[in-house]
Amino acid sequence: MENTILEMQFAIDTFYFLVMGALVMWMAAGFSMLEAGLVRSKNTTEILTKNIGLFAIACTTYMVYGYDLMYGGGMLLDGISGQGDKYSNAADFFFQVVFVATAMSIVSGAVAERMKLFAFFAFAVIFTGIIYPMEGAWTWGSEAVFGLFKLADYGFADFAGSGIVHMAGAAAALAGVLVLGARKGKYNKDGSSNAIPGSNMPLATLGTFILWMGWFGFNGGSVLAMASKESANAVAMVFLNTNAAAAGGVIAALLLVKILWGKADLTMALNGALAGLVAITAGPDTPSALVATLIGAVGGILVVFSISTLDRVFKIDDPVGAISVHGVVGLWGLLAVPLTNADVLFTGQLLGALTIFVWVFGASLALWLVIKAVMGVRVSEQEEAEGVDIAECGLHAYPEFTVK
Amino acid sequence: MENTILEMQFAIDTFYFLVMGALVMWMAAGFSMLEAGLVRSKNTTEILTKNIGLFAIACTTYMVYGYDLMYGGGMLLDGISGQGDKYSNAADFFFQVVFVATAMSIVSGAVAERMKLFAFFAFAVIFTGIIYPMEGAWTWGSEAVFGLFKLADYGFADFAGSGIVHMAGAAAALAGVLVLGARKGKYNKDGSSNAIPGSNMPLATLGTFILWMGWFGFNGGSVLAMASKESANAVAMVFLNTNAAAAGGVIAALLLVKILWGKADLTMALNGALAGLVAITAGPDTPSALVATLIGAVGGILVVFSISTLDRVFKIDDPVGAISVHGVVGLWGLLAVPLTNADVLFTGQLLGALTIFVWVFGASLALWLVIKAVMGVRVSEQEEAEGVDIAECGLHAYPEFTVK
Amino acid sequence: MENTILEMQFAIDTFYFLVMGALVMWMAAGFSMLEAGLVRSKNTTEILTKNIGLFAIACTTYMVYGYDLMYGGGMLLDGISGQGDKYSNAADFFFQVVFVATAMSIVSGAVAERMKLFAFFAFAVIFTGIIYPMEGAWTWGSEAVFGLFKLADYGFADFAGSGIVHMAGAAAALAGVLVLGARKGKYNKDGSSNAIPGSNMPLATLGTFILWMGWFGFNGGSVLAMASKESANAVAMVFLNTNAAAAGGVIAALLLVKILWGKADLTMALNGALAGLVAITAGPDTPSALVATLIGAVGGILVVFSISTLDRVFKIDDPVGAISVHGVVGLWGLLAVPLTNADVLFTGQLLGALTIFVWVFGASLALWLVIKAVMGVRVSEQEEAEGVDIAECGLHAYPEFTVK
Amino acid sequence: MKMITAIIKPFKLDEVREALSEIGVSGITATEVKGFGRQKGHTELYRGAEYTVDFLPKVKLEIAISADQVDSVVETISTAAKSDGEGKIGDGKIFVSNLEQVVRIRTGETGAVAL
Amino acid sequence: MKMITAIIKPFKLDEVREALSEIGVSGITATEVKGFGRQKGHTELYRGAEYTVDFLPKVKLEIAISADQVDSVVETISTAAKSDGEGKIGDGKIFVSNLEQVVRIRTGETGAVAL
Amino acid sequence: MKMITAIIKPFKLDEVREALSEIGVSGITATEVKGFGRQKGHTELYRGAEYTVDFLPKVKLEIAISADQVDSVVETISTAAKSDGEGKIGDGKIFVSNLEQVVRIRTGETGAVAL
Ligand SMILES: Nc1ncnc2c1ncn2[C@@H]1O[C@H](COP(=O)(O)OP(=O)(O)O)[C@@H](O)[C@H]1O
Ligand SMILES: Nc1ncnc2c1ncn2[C@@H]1O[C@H](COP(=O)(O)OP(=O)(O)O)[C@@H](O)[C@H]1O
Ligand SMILES: Nc1ncnc2c1ncn2[C@@H]1O[C@H](COP(=O)(O)OP(=O)(O)O)[C@@H](O)[C@H]1O
């Protein structure tokens with residue numbers, strides 16, 4: 001009978017992993033819709049293709065090599081079937097693989113509307129197969145960084161990946177945007193910046209809601225156990241705090257833009273929700289609901305200023321605001337952990353953030369430059385003007401509607 | 001070992017609450033898409049902003065004060081973390097908080113296309129923080145109504161909230177619409193009513209499917225337990241009946257409109273689905289599948305006549321039909337419970353419905369009037385003509401498409 | 001205490017069924033969005049109405065009669081409430097009913113843009129109430145085919161329904177298309193075929209992601225148990241392989257179209273994902289992740305050639321490619337099982353495929369012809385030119401946008 | 001024959017059409033256009049950046065009529081298209097040009113009878 | 001030179017364009033418009049309320065040609081745009097007006113050679 | 001008065017509008033149109049089938065001006081609408097026709113003062 005009980009614990013934890021994993025997989029749809037809503041309609045088919053393609057690539061490269069690199073166990077998930085002590089290893093892989101896809105999705109929005117599709121896919125193969133698993137091994141995989149030092153020894157912790165997933169994605173995105181340059185027409189000769197509105201706000205909103213929902217899996221699943229009172233309570237607090245932080249992000253961003261510009265800028269409210277979610281991700285288990293709301297609210301405020309500053313001061317053209325949402329706020333998320341978690345040190349968080357950023361940014365920059373040299377990263381001016389949809393995919397997203 | 005078993009029951013019930021709660025949270029996306037599809041494109045950005053904003057507000061006010069008011073336990077979820085006898089209290093809060101957001105979402109559609117955004121938000125703060133928790137305390141919270149009498153003593157029962165959530169939302173919506181008045185151009189001088197078609201039917205349909213899916217969490221989670229044979233069976237019957245009632249609502253509404261007007265009016269089919277869901281919500285545990293289908297079908301028929309009547313006879317301008325779907329059919333749902341549940345009395349249901357309606361309608365009316373006096377509830381004629389998107393949010397929902 | 005443990009197993013399995021069932025129900029939204037994106041905007045309202053209507057019909061007829069026919073137990077789910085040995089029977093019904101709706105959804109896309117709505121609904125009543133349950137009884141229901149022979153005796157197995165659900169749906173669709181004929185303007189006098197692009201690529205992509213997510217329930221739930229280590233491991237492998245096959249389908253289809261036509265045709269990538277999913281459905285439990293990826297990839301390649309061939313060589317006008325995705329690839333899925341599952345015989349799979357196809361195609365053809373004789377299956381030329389939306393539903397899907 | 005081309009505010013469309021029907025105009029072709037003129041465009045906001053939309057939505061009506069109807073048609077449009085009956089900036093323009101020939105495709109009729 | 005403006009049914013667009021190509025017309029500008037005329041609009045249904053849509057979708061073609069092509073162009077459009085070869089209500093109109101000057105932006109050419 | 005009708009490439013719209021503003025043109029009506037001409041349409045791909053899109057997106061500008069402005073307006077448009085300053089196929093056309101009367105709806109003013 002004891003065995004039956006152990007088996008049931010195994011079953012509950014496995015089931016929990018699978019449900020959480022399915023929710024994270026759903027985030028792929030969220031990124032697709034968000035990005036499809038925030039680009040112009042002439043670049044929509046391409047970004048949809050990019051998103052479904054990158055998800056498929058991430059699932060495959062991580063299976064072939066990435067999971068082994070990050071957690072060991074053998075290439076090609078050698079013999080994963082039917083194994084696992086506390087839960088099915090296959091369920092663990094399923095949960096982990098959707099994380100790497102999330103990191104990659106972050107890149108896709110930032111380089112939208114001007115990158116060659118297959119240059120992006122080439123990047124995705126290496127990023128999901130090597131760059132991300134490397135830093136994943138140093139953090140969640142508990143390996144020493146290049147065999148030198150272990151981040152955990154310095155009091156670093158990143159519960160569900162504000163840094164490991166989100167800031168990493170943003171670092172790769174930043175490298176990409178720097179290599180790629182701004183969209184034609186984004187900046188004027190005098191250096192001022194033009195607004196280039198996205199084409200479909202309901203899609204962007206839908207994408208945000210999908211991400212919000214999926215994030216319950218992202219953070220909730222990162223407790224890694226469910227079948228005891230302690231872990232069940234932990235998962236429940238994580239759900240509660242994840243939701244609270246998103247709410248805080250929306251409210252803060254909405255109030256701020258209303259005060260700054262007198263209007264309730266929807267796109268900033270959406271970014272506020274995502275910022276709240278990114279901010280809480282590094283430590284959704286320790287704060288109270290009120291503190292979680294505040295951590296999210298700070299994220300919501302940061303994101304508004306960050307988007308404006310990157311755009312207007314640094315001339316970094318990020319059509320969906322991914323670098324701000326996932327990078328700047330991801331860093332905030334890491335730094336906020338010590339506020340409510342005594343086991344985590346501020347210096348450890350800084351060291352961890354630095355390690356992740358330097359590695360991912362450096363490796364990505366090198367990779368983007370290699371891709372640029374080999375096949376080029378940017379479509380021609382003519383193709384960009386007509387929209388990458390026709391050039392790369394041969395099809396308009398809304399063939400029947402009259403568009404600019 | 002016995003302890004392990006208790007812990008596992010705790011874990012299963014908590015897990016179940018969280019999954020159901022995530023499904024209900026998803027209903028926020030459903031309302032957003034439904035309403036975005038049923039308004040004109042010039043008012044779409046605003047309704048999206050309203051929906052994501054109200055969800056964030058509901059989550060925050062209910063955390064600060066509402067949950068305490070409704071179920072006790074202390075403001076700010078004081079010490080909710082790590083507690084709970086049969087399941088995690090945090091999971092319970094997460095499940096409850098998405099209900100209050102649902103009630104608030106109902107209002108947003110009815111007042112669409114003409115209300116000031118921040119007037120709506122002001123209402124949301126009080127409604128989710130006080131008005132709803134008050135009546136929630138009298139019903140699910142088992143408190144006496146103003147300390148006078150207990151509804152349960154009169155044989156009142158509302159399983160998952162046909163009355164407590166849906167009719168309450170509709171009562172607040174009705175008060176809002178009365179204070180606000182009809183949209184410009186809705187009624188002609190001779191009193192006849194004009195159709196003002198929504199702009200995006202796929203969005204409205206997507207929203208309905210999302211709500212249908214989320215409703216499994218809404219009703220299924222209201223069993224409040226899963227980890228025994230009895231409760232598992234109960235949850236399963238609730239899923240089955242919820243689905244059956246929605247199906248019955250669709251079929252009845254479709255056939256009725258086909259007979260009445262010769263065409264299969266999609267918007268009525270969608271309202272039929274929602275009506276079926278609202279109708280079964282007060283008692284999804286006791287009917288057989290066939291009876292559940294019929295209860296939903298009656299809801300589907302009621303909603304068709306109610307929408308026409310409110311619009312043409314009473315000149316109540318409800319752009320998405322929320323008052324009919326959630327109010328009229330919510331009442332029907334309450335009254336249908338005694339048909340299959342001997343513990344519930346018809347008089348108790350009437351008393352409960354009256355209590356909820358009088359309180360919510362009265363308090364909301366007062367609140368709307370105060371808001372009107374303080375900041376105004378309605379945008380200017382000019383703003384309404386150009387669409388509230390530009391006036392309130394500064395952005396069109398589909399900036400590139402040529403629209404009316 | 002032993003009883004408590006048994007009850008908990010019951011609860012876990014029931015919970016698992018319900019969650020998986022909710023995911024499959026969600027596929028109804030996926031089909032709706034996919035099909036709404038792939039038809040022209042003038043036929044969009046009708047296809048949405050068709051999809052929500054067929055789901056409601058399937059749920060009702062299967063409750064009244066279909067479930068009894070397929071698995072026994074009595075009409076109208078006689079006494080299903082509160083029963084079940086290993087899990088709640090009501091949960092089992094809920095899981096099964098969403099499968100029949102899936103099969104029916106496959107038909108709706110293939111006959112889009114020209115069929116009379118109520119002719120389709122009439123077909124749906126018989127298909128979901130009799131045609132599908134009959135072949136379901138011979139396969140999952142373990143009955144002898146017309147009392148003659150049992151498919152299982154010949155080594156036939158179809159884990160989650162590549163044949164029983166998908167190929168069956170495609171067979172009904174093929175019969176429908178043959179009776180109905182091609183859309184006006186699809187083929188030129190010289191026999192060449194015109195492309196008729198769908199109107200909304202984001203919707204089609206959203207639909208595909210929804211289906212991908214829902215498929216975890218479709219295949220994962222078909223393990224039919226969760227509460228032991230063995231079954232938990234099995235479910236986890238099924239999730240992993242389902243995801244891997246979809247990824248393989250996307251990559252293979254994308255690379256193939258890039259090589260063939262030089263562009264990354266999004267619609268083919270979407271069909272590739274679905275093909276990967278259909279291909280793995282007959283046996284997601286036995287392959288390794290790599291083999292699952294390859295099975296999906298073959299599906300992705302097949303679907304590209306099949307769509308072109310059906311369209312251009314056989315002049316079968318299937319606006320969404322349903323016959324290729326579900327039929328041709330469904331057959332491939334059946335035939336791929338023996339590659340990794342020694343208990344399943346190639347001849348058994350062929351015999352099963354033949355049985356299903358002959359029955360479903362034959363019965364459907366007869367039914368379509370009867371419906372044609374009684375009420376006609378095709379709208380008038382004028383109605384087709386103006387779009388079935390106005391003729392059948394009286395409403396445009398996007399009333400405000402200027403369309404072709 | 002003359003071709004009257006009127007640029008009006010979109011929400012005036014129904015009123016103008018009805019007024020024209022009343023004086024016996026039996027055919028109108030309407031186009032959604034964007035107008036740039038004295039009426040200044042509004043400011044929009046996108047992710048914290050304000051920008052001005054110069055072109056405002058207008059509706060263009062084209063109405064072919066016989067020469068003797070010009071005055072009444074111009075008069076009717078002017079009255080019906082004026083905001084609040086008094087006229088606001090951006091109410092639009094009416095252009096009159098010459099039309100040499102008209103053919104009704106259905107019947108092949110030409111000239112005034114084809115209008 | 002003359003400007004031919006034709007209002008036709010949308011689904012006739014391809015046929016008319018091909019017929020015009022065959023007689024050597026090398027340039028056309030097409031616009032989606034809404035037409036109000038003898039052909040009555042259809043009834044739509046929204047949440048139980050019926051309403052009439054007065055303006056029907058049409059396509060407007062503008063074709064600049066030299067004066068001597070007028071007859072053949074008008075003839076060609078008339079034939080190709082007629083429903084089922086015989087003519088149904090709503091098939092549309094052809095308007096002919098005078099065109100004083102044409103400039104090809106690319107080359108600066110003017111007059112008939114710029115068409 | 002004259003009516004200038006220019007067909008240009010969509011992404012040239014802002015440049016042309018600014019150039020016209022600079023020479024004092026105060027009103028423009030713009031329409032999204034599809035153009036068929038010497039510039040060949042591109043090939044699109046849908047589910048493995050290639051097809052040619054003959055009509056390319058263009059913008060039509062209508063500008064009513066007094067007769068003496070014709071040359072400068074035509075000149076200005078020509079320059080601003082030319083691709084890369086030298087001219088590529090599909091850059092568009094300018095048509096000039098006569099305008100008999102203009103009325104400003106708001107004020108009832110007519111003639112050149114109403115422009
Ligand atoms: N010279 C012009 N040529 C073409 N269209 C014009 C001209 N002037 C104005 N319009 C059109 O008329 C509309 C209204 O003109 P505007 O100058 O804003 O107001 P008003 O006519 O009241 O002075 C403009 O939006 C534009 O579409
Ligand atoms: N007088 C007119 N001025 C401008 N457009 C017209 C006129 N009469 C008809 N049209 C256009 O031609 C279309 C067809 O005209 P209609 O009267 O419906 O049919 P028919 O030309 O067969 O008599 C109308 O929808 C409208 O766009
Ligand atoms: N004869 C014409 N009548 C009306 N519009 C024309 C004519 N010729 C060209 N156009 C318009 O001008 C656009 C550009 O013409 P095109 O022949 O492609 O290039 P170009 O003007 O450089 O020779 C076309 O897309 C069409 O909209």
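Worth knowing before you read on, the calculation uses all heavy atoms, side chains too, and leaves out hydrogens, waters and symmetry mates. Residue numbers start from 1 in every chain, and the chains themselves are labelled A, B, ... in the order their sequence lines are given, proteins ahead of strands.
Counting heavy-atom pairs under 4.5 Å between each of D14(E), L13(E), T29(E) and chain F puts T29(E) at the top. Each of G37(F), G35(F), G92(F) has some count of heavy-atom pairs under 4.5 Å with chain E, and the biggest count is that of G92(F). Note on T31(F), V74(F), I7(F), I89(F): by heavy-atom pairs under 4.5 Å with chain E, the leading option is I89(F).
Nearest heavy atoms, S78(F) versus I105(E): O-CG2, 3.7 Å.
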CA sep, side-chain torsions, deciding dist, call: K60(F), E62(E), side-chain contact (heavy atoms from CB on, under 4.5 Å):
CA-CA 11 Å; K60(F) 178 169 85 175; E62(E) 286 165 304; 2.8 Å; yes
Assess whether side-chain contact (heavy atoms from CB on, under 4.5 Å) is satisfied between R38(F) and R106(E), documenting all intermediate values.
CA-CA 12 Å; R38(F) 278 169 189 74; R106(E) 167 164 50 107; 4.0 Å; yes
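Neither the backbone nor the side chain of M1(E) comes within contact range of chain F, judged by heavy atoms closer than 4.5 Å. Interface remark: E86(F) contributes backbone atoms only to the contact with chain E (heavy atom separation under 4.5 Å). The contact between A30(E) and chain F is made by backbone and side chain atoms together, counting heavy-atom distances below 4.5 Å. With a 4.5 angstrom heavy-atom cutoff, K93(F) touches chain E via backbone and side-chain atoms both. Neither the backbone nor the side chain of S97(E) comes within less than 4.5 Å of any heavy atom in chain F.
The distance from atom CD of E32(F) to atom CD of E32(E), rounded to the nearest 0.5 Å, is 9.0 Å.
The shortest side-chain heavy-atom distance between N98(E) and N98(F) does not fall under the 4.5 Å cut-off. When side chains are defined from C-beta on, F55(F) counts as touching R17(E), because their heavy atoms get closer than 4.5 Å.
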